[in-house]
Amino acid sequence: MTANSPIRMRFAPSPTGHLHVGNARTALFNWLFARQKRGAVVLRIEDTDVERSEARFEDQLIDDLKWLGLDWDEGPDVGGPYAPYRQSDRLDVYREYGERLLDEGKAYLCFCTEDELQQERDRAQAESRQQIYSGKCRMIDPDEAKRRRAGGESAAIRLRIPEHPIRFHDIVHGDVEFSNEVVSDPIILRSNGMPVYNYVVVIDDALMKITHVIRGDDHLSNTPKQVALYEALGWPVPEFAHLSTILGSDRERLSKRHGATSIANFRDMGVLPEALMNYLALLGWAPTGGTREIFSLEELVKEFSLERVTPSPAVFDMEKLYWLNRHYIKQCELQRLTFLGLEFFAKSGVLDRNPTSPPNSDRTVFVEKSLLDWFSRVTELFAPYVDRLDQLPERASPIFSYDARAALAAPENAEVLAWPQTKAVLDRFAVKVLENESAQVGKLSAEEFNKIVSEVKAETDVKGKELFHPIRIVVMGSHSGPAFDKLIPVLEEGSRLNLPKHVLSVRERVEAFSKARLG
RNA sequence: GGCGCUAUCGUCUAGGGGUUAGGACGGAAGAUUCUCAAUCUUCAAACCCGGGUUCGAUUCCCGGUAGCGCUACCA
């Protein structure tokens, strides 16, 4: 690796589903390193596994990556000097180099059948020996082998592993050495002509001039095979950085069993991309000093360092992600938060999706200005209370579904309702609201409401929570909730809007409550 | 089984031959608020085990143990 060659990184997911958090972290670290070093980022689609790869997953992957705020300089969607960037479009290249290795004697044809190989492995297993390929076909004369292949015998191409230990450097793990005794001659091209992962990565990384390979440490044990390939081809070996595994709370590899693991899951839960990225950066990396926790993508680009990446596996902690998400929700510009929240309100049914909205825009809800303004105030009111945006409709439910009977019956309200002063407060409050002219038309202002409260206070001589709790139960159905100043106007305006389900005004709430209370 | 990687509070981590082993999430307590949340303050909580090396190891070395990974004509 020449020291002054431009830094080139790659992110190489398989299109087998939505982007997983582990892969997202790998993508992030690659991206951070590249952007910091002013290097290039390549997106390459590894679809040599025909069984599991699907074209539509490629689009999902790209959407997920973009949602996270990542971008790339070369890739199947944007092109670039080393195109194509999809492995299924590069099969000729792999075959060409396979033949070259064969001609140079660095690789050989293997005629063993899968059954034979399986038996070999079983025997090795039974005798508790190393399960490596016996090398049976290593000695076949190359010319004879070619004749057999030409004659129709099916053959795979295997790389010859050299007779010396294989060493390489890893930025996070240091020097790593594998004895050649324990690494099998790997198949690089299957008998059906399809290349194998450990081979194509090397060909592609080398041809695409990748200088630093950052990937999950599940590839660490594969690296010696790859290093042997670079050497066989006479190509420079890149720098490696193997990132630790992300574990679930049971210390097992994070999987669907652990709940949300794909980027799409987090997006659908209303986790902000900046929160996810910040969290992922902290999984395995810490800044100098180790005390700062909040980082934007731009700040990470400045601070990030591969040398400071921890080699030990990390347990994914949802609570800490939520903490960051709460932080970013509070930071979030209200307009953006409102649009994000609208999705979830629409999903919960308190808001109609505009039937005239374009068919492919199910992630965007179109609403008229008055509705938008009102929802932005609802969002402002309740967003500080949620871990994730999908909890917004639930938190805001006192606005949308008011149930006087339930409020009277709720065990958590029982104590407040039983206070001796409560009856007087309730009575006076009801009278005041009902006789208020603004309240009659759903236009009670915060000021007028406060005036009513002070009058109730003066007339009943009840103050503090003995005063506020009963009133809050009437208005919200619960003795805890947001401040009245902001809540009252939201209720009043909501009652005048054309929503799928009518929002009750303060007066309507008082009427319903009195009716339920007094029979 | 073989090989490899890893090992600091419950979790993410800082640190590093001599420290009161630091921060954050979560937990507990208190302050504040009409309430909840938020906020602020305080508290509890860790160097896997055993051998070396050393005046001194949590830190360096070796071994053990445990977890994870690889051991495919998967990626």
Side-chain angles (χ1 to χ4, degrees), chain A residues 12-16 46-53 87 110 112-114 117-118 121 124-133 154-158 170 172-174 176-179 181-184 186-198 200-201 215-225 242 244-245 247 249 251-253 279 282-294 308 310-324 326 330 382 384-386 395 416 453 463-473 476 478-484:
Chain A
S14 296
T16 53
E46 308 223 322
D47 56 353
T48 50
D49 184 350
V50 193
E51 307 267 296
R52 294 194 292 160
S53 298
Q87 289 183 331
C110 176
C112 298
T113 64
E114 286 199 55
L117 294 170
Q118 189 55 50
R121 275 195 298 271
Q125 171 84 287
E127 293 166 19
S128 68
R129 277 186 293 110
Q130 190 78 232
Q131 295 174 44
I132 64 169
Y133 175 58
S154 96
I157 302 180
R158 277 189 196 267
D170 185 289
V172 342
H173 296 274
V176 186
E177 179 180 316
F178 284 80
S179 159
E181 310 275 315
V182 303
V183 358
S184 241
I187 287 182
I188 58 176
L189 279 151
R190 301 177 176 98
S191 48
N192 66 5
M194 281 300 280
V196 162
Y197 168 80
N198 278 311
V200 294
V201 251
R215 79 231 299 192
D217 70 0
D218 47 335
H219 291 293
L220 194 60
S221 303
N222 287 325
T223 309
K225 289 176 186 170
H242 287 96
S244 69
T245 321
L247 272 21
S249 48
R251 300 213 137 259
E252 284 194 46
R253 188 174 243 244
Y279 179 69
L282 261 20
L283 230 44
W285 172 83
T288 321
T291 55
R292 184 135 95 102
E293 308 259 16
I294 306 286
R308 292 188 60 82
T310 352
S312 52
V315 173
F316 193 93
D317 181 3
M318 209 49 117
E319 288 304 325
K320 188 147 184 176
L321 205 215
Y322 287 160
W323 168 69
L324 281 164
R326 288 195 295 266
K330 279 170 207 147
F382 292 100
Y385 290 83
V386 299
R395 283 313 295 222
V416 175
V453 173
K463 59 178 165 34
K465 60 180 178 178
E466 281 80 20
L467 173 68
F468 281 91
H469 282 205
I471 292 176
R472 180 169 273 106
I473 290 177
M476 292 235 337
S478 161
H479 60 79
S480 73
F484 286 125

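Just so we're on the same page: letters track the sequence lines, and every chain starts at 1.
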Without decimals, in angstroms, what is the distance between A:L117 CG and B:rA72 P?
9 Å

Is any side-chain heavy atom of A:E293 closer than 4.5 Å to a side-chain heavy atom of A:K320?
yes

Rounded to the nearest 0.5 angstrom, the NZ-NE2 distance for A:K225 and A:H219 is 12.5 Å

Is A:T48 touching bases, backbone alone, or none of the nucleic acid, heavy atoms closer than 4.0 Å?
sugar-phosphate

So, is A:R326 close to the B:rU39 phosphate, meaning a side-chain N or O under 4.0 Å from OP1 or OP2?
no

Ion pair present between A:D47 and A:R52, side-chain N to carboxylate O less than 4.0 angstrom?
no

With A:F178 via ring pair (Phe, Tyr, Trp, His ring centres under 6.0 Å) - residues at least two apart:
none

When the distance from CG of A:N192 to C1' of B:rC73 is rounded to whole Å, what number comes out?
7 Å

Please confirm whether the shortest side-chain N or O distance from A:R253 to OP1 or OP2 of B:rG69 is below 4.0 Å.
yes

Mind checking if A:K320 touches a base, just sugar-phosphate, or nothing, with heavy atoms under 4.0 Å?
base

Pair assignment for B:rC3, Watson-Crick or G-U wobble, requiring both distances under 3.5 Å:
B:rG69

Between C1' on B:rA24 and CD on A:E319, what's the gap in Å once rounded to a whole number?
14 Å

Examine B:rG69: is either OP1 or OP2 under 4.0 Å from a nitrogen or oxygen in the side chain of A:H219? Give yes or no.
no

C1' spacing across the pair B:rA44 / B:rG1, given as an integer number of angstrom
45 Å

A:I157 atom CD1 is separated from B:rA72 atom P, nearest whole Å, by 19 Å

Could you give the CD-to-C1' distance, from A:E114 to B:rA72, as a whole number of Å?
8 Å

Quick check on RNA chain B: between A:A314 and A:Y385, whose nearest nucleotide comes earlier from the 5' end?
A:A314

Tell me whether the OP1 or OP2 atom of B:rG15 has a side-chain N or O from A:R308 closer than 4.0 Å.
yes

Verify the contact: side-chain N or O of A:R215 to OP1 or OP2 of B:rG69, cut-off strictly under 4.0 Å; return yes or no.
no

Distance check needed: B:rC25 P versus A:M318 CE, whole Å only.
18 Å

Taking for A:S244 and for A:P195 the nucleotide of RNA chain B with the nearest heavy atom, the one nearer the 5' end belongs to A:S244

A:R121 side chain, from C-beta outward: closest of B:rA7, B:rC25, B:rC73
B:rC73

Whole angstrom is fine here: how far is it from CZ in A:F316 over to P in B:rU13?
12 Å

Take atom C1' in B:rC48 and the same atom in B:rA7, then report the distance between them in whole Å.
7 Å

Of the options B:rU6, B:rA24, B:rU11, whose atoms approach the side-chain atoms of A:H173 most closely?
B:rU6

Could you give the CG-to-P distance, from A:D317 to B:rG26, as a whole number of Å?
9 Å

